[in-house]
Every structure is written in structure tokens, then in C-alpha cells.
Amino acid sequence: MNDQHRIVSSECEELILVDREDRNIGFISKADAHDGAGVLHRAFSLFLFNDDGELLLQQRAPGKRLWGGYWSNSCCSHPRRGESLELATTRRLQDELNFDTELEHVYWFCYEAQFGDAGSENELCHVYLGRTSSDVRPNDSEIAAVRYVSPAQLQAEFAERPERFTPWFLQEWRELTTTYREQLGRYCDLA
């Protein structure tokens, strides 16, 4: 099967339950982790920039249970049972974008977001920065579209139509551009 159409995730895969200090406390199916108000589990978000300092955005595939069709950061997912964050981020870059890159861990935080009756996110999310290349080939079972935007253009879009974006993306970008501005500035021009 073509890498750009393969199924790479399942509601049955086991995710890692954590406490608010990011200590492993068990495992749970992806479906159960996102039912109702959700159960706190480990996740990650990647922000990838090209050589022009533009951020790669993805539009989530419309069939996604939560926030399908919304625009989000470059890549986000969960480590599975037995996976380190390093292994999980590498796997997911291949799964979603069919490429690999070095990543810089920036911070982690807890958040909750409800998506109507479909379920919710209740995650302890690790945020990373990295670079993209021309080799990005989105997997359409996960991603409907990709595009690059400058930080200034992104800020304008957030101000004009924040409802088009995933809640974690809005929150993470706000934190990156304030608390972690120096690290972010090594990847893009924030002037």
C-alpha cells in the first residue's frame, strides 16, 4: 500500500496513563482515553519550520473522531504502551508526513478540551520544535491538507478565525510565543 494512504492508528491502541507530574500510572485504549471527559494520558505536539521560518500546518482528516477538518500544528499524537517519546515522535512523523527530523523538546503542560458529544482531550502534552524538508508527503488517512504560514500570518488567522484551529494548537502557540520565545526564535522570525 502507498505510504500516503496507509492506516496508522486505531481506537484500540493502548496509550500511557499519567499523573499530573508525568509519571506512568497505567494504560488505556485510545477510545477510552477520549470518551466523555477523557482520562489524562501522555501526548506530544510537533512544530516544524521550513528554511524560510514558516510553520507547517496540517488540516486534520475529516474522518478523525476529534477536531476532524480543523487546522492544527505540524504533527500531534500519543506514545503507545512501551514507547518512549523519542520513539513515538519518530514513528508519528513517518506515519503522518513520511519523513524524519531532529526534534528539540521545549516544555510540557496539561490541558482538557471537549469536542461536543464525540469526546474530549485530557492530555499531558510534550511540545517539540524541529525543521521540515521538501520530503514531507502527508498521509491522507490522517491529514486532509498541509500548508506553510509565517508567524505573522498565523497570528492574523488566529485573530480573525480562531474557531478553525484545534484548541491545543492555539494554547501551545501562545505559550511558545511568550514563555519560550527565545527557543522559538531559533526556528522563525517573530518580529
Side-chain angles (χ1 to χ4, degrees), residues 6-48 55-97 100-130 138-139 141-144 162-163 165-176 179-180 183:
R6 63 193 167 100
I7 305 300
V8 294
S9 62
S10 158
E11 290 283 287
C12 297
E13 62 195 50
E14 285 193 299
L15 306 185
I16 303 166
L17 291 173
V18 293
D19 65 16
R20 295 188 74 78
E21 299 300 318
D22 198 25
R23 293 181 291 242
N24 297 2
I25 58 171
F27 306 98
I28 192 170
S29 73
K30 183 177 173 182
D32 290 344
H34 294 100
D35 284 346
V39 182
L40 188 64
H41 58 280
R42 187 173 292 139
F44 57 84
S45 277
L46 313 181
F47 287 74
L48 306 174
L55 177 63
L56 176 67
L57 301 187
Q58 68 156 275
Q59 184 180 32
R60 292 166 61 83
K64 289 258 192 201
R65 175 180 173 187
L66 303 176
W67 286 276
Y70 284 67
W71 286 95
S72 197
N73 53 295
S74 311
C75 179
C76 46
S77 191
H78 318 91
R80 295 175 180 159
R81 182 178 189 152
E83 274 188 325
S84 66
L85 279 162
E86 182 180 0
L87 184 64
T89 54
T90 299
R91 172 186 51 79
R92 200 59 184 180
L93 276 174
Q94 286 293 331
D95 287 349
E96 289 194 12
L97 297 167
D100 199 6
T101 192
E102 287 187 33
L103 297 169
E104 175 185 3
H105 186 269
V106 182
Y107 75 104
W108 60 266
F109 74 109
C110 294
Y111 79 98
E112 296 178 38
Q114 186 75 35
F115 190 64
D117 293 334
S120 59
E121 297 289 7
N122 187 347
E123 297 184 334
L124 187 147
C125 189
H126 290 262
V127 179
Y128 293 82
L129 299 173
N139 178 339
S141 72
E142 295 288 324
I143 299 172
E163 71 280 0
F165 299 93
T166 60
W168 61 87
F169 180 28
L170 294 164
Q171 187 173 347
E172 291 163 355
W173 185 253
R174 215 173 12 255
E175 192 71 18
L176 284 169
T179 307
Y180 301 98
Q183 280 175 275

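The figures that follow rest on heavy atoms only: side chains count, while hydrogens, waters and symmetry mates do not. We're numbering straight along the sequence, starting at 1.
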- Partners passing side-chain contact (heavy atoms from CB on, under 4.5 Å) against Ala144 (at least two apart in sequence or in another chain): Gln59, Pro62
- Message: Suppose we screen for ring-ring contact (aromatic ring centres under 6.0 Å, His included). Which residues come up paired with Phe115, at least two apart in sequence or across chains?
- Response: Trp67, Tyr70
- Looking at Ala118 and Arg65, what are the two nearest heavy atoms and their distance? O-NE, 2.8 Å
- Angle class for the Phe44/Tyr128 ring planes (parallel below 30°, perpendicular above 60°, tilted otherwise)? perpendicular
- Item | Minimum side-chain heavy-atom gap Asn73-Val127 below 4.5 Å | no
- Task: Begin from the C-alpha positions of Leu103 and Thr90 and carry the test side chain to side chain contact (heavy atoms under 4.5 Å, CB included) through to its verdict.
- Result: CA-CA 9 Å; Leu103 297 169; Thr90 299; 6.0 Å; no
- Query: Do the side-chain N and O atoms of Asn139 and Ser141 include a donor-acceptor pair separated by under 3.5 angstrom?
  - Reply: yes
- Task: List the atom of Pro162, the atom of Leu170, and the distance in Å for their closest heavy-atom pair.
- Result: O-CD1, 3.7 Å
- Check: Glu13 and Leu15 side chains under 4.5 Å, non-hydrogen atoms: yes
- To the nearest 0.5 angstrom, please state how far the NE2 atom of His126 sits from the CG atom of Leu46. 12.0 Å
- In chain order, what residues pass the side-chain contact (heavy atoms from CB on, under 4.5 Å) check against Val39, with sequence neighbours excluded? Leu17, Ile28
- Message: To check you understand the geometry: which heavy-atom pair defines the closest contact between Ile143 and Glu96, and what is its length?
- Response: CD1-O, 3.5 Å
- Task: Tell me, please, which residues at least two apart from Glu102 pass salt bridge (Lys or Arg N to Asp or Glu O under 4.0 Å).
- Result: none
- If you take all heavy atoms of Cys75 and Leu97, which pair is closest and at what distance? CB-CD1, 4.4 Å
- Query: Got a sec, which residues hit side-chain contact (heavy atoms from CB on, under 4.5 Å) with Glu175, two or more places apart in sequence or on another chain?
  - Reply: Tyr107, Thr179, Tyr180
- Item | Set of residues satisfying side-chain hydrogen bond (donor to acceptor under 3.5 Å, both in side chains) with respect to Trp71, sequence neighbours excluded | none
- Between Ser120 (side chain) and Gly36 (backbone), is there a donor-acceptor pair under 3.5 Å? yes
- Message: Any non-hydrogen side-chain atom of Leu87 less than 4.5 Å from a side-chain atom of Pro79?
- Response: no
- Got more than 12 heavy atoms from elsewhere within 6.0 Å of CD, Glu86? no
- Can you label the angle between the Phe169 ring and the Phe47 ring as parallel, tilted or perpendicular, going by 30° and 60°? tilted
- Item | Leu48 CG to Leu57 CG distance, which is reported to the nearest 0.5 Å | 10.5 Å
- Query: Got a sec, which residues hit side-chain hydrogen bond (donor to acceptor under 3.5 Å, both in side chains) with Asp19, two or more places apart in sequence or on another chain?
  - Reply: Arg23
- Note on the structure: Here the salt bridge (charged side-chain N to carboxylate O under 4.0 Å, His left out) pairs for residues 111-125, sequence neighbours left out, are none
- Message: Can you list everything that forms a side-chain hydrogen bond (donor to acceptor under 3.5 Å, both in side chains) with Arg42? Sequence neighbours excluded, please.
- Response: Asp22, Asn24
- Quick one: OG on Ser77 to CZ on Arg91, what's the gap to the nearest 0.5 Å? 5.5 Å
- Task: Identify, with sequence neighbours excluded, every residue that meets side-chain hydrogen bond (donor to acceptor under 3.5 Å, both in side chains) alongside Ser72.
- Result: Thr166, Trp168
- Any chance you could lay out the side chain to side chain contact (heavy atoms under 4.5 Å, CB included) test for His41 and His34, step after step, and finish with the verdict? CA-CA 9 Å; His41 58 280; His34 294 100; 3.4 Å; yes
- Message: Can you list everything that forms a side-chain contact (heavy atoms from CB on, under 4.5 Å) with Gln171? Sequence neighbours excluded, please.
- Response: Phe109, Tyr111, Arg174
- Item | Closest non-hydrogen atom pair, Val106 against Gln183 | CG1-OE1, 3.7 Å
- Message: If we check side chain to side chain donor-acceptor pair (under 3.5 Å) with Glu142, which of these qualifies: Gln58, Arg92, Arg60?
- Response: Arg92
- What distance separates Leu124 CG from His78 NE2, expressed to the nearest 0.5 Å? 11.5 Å
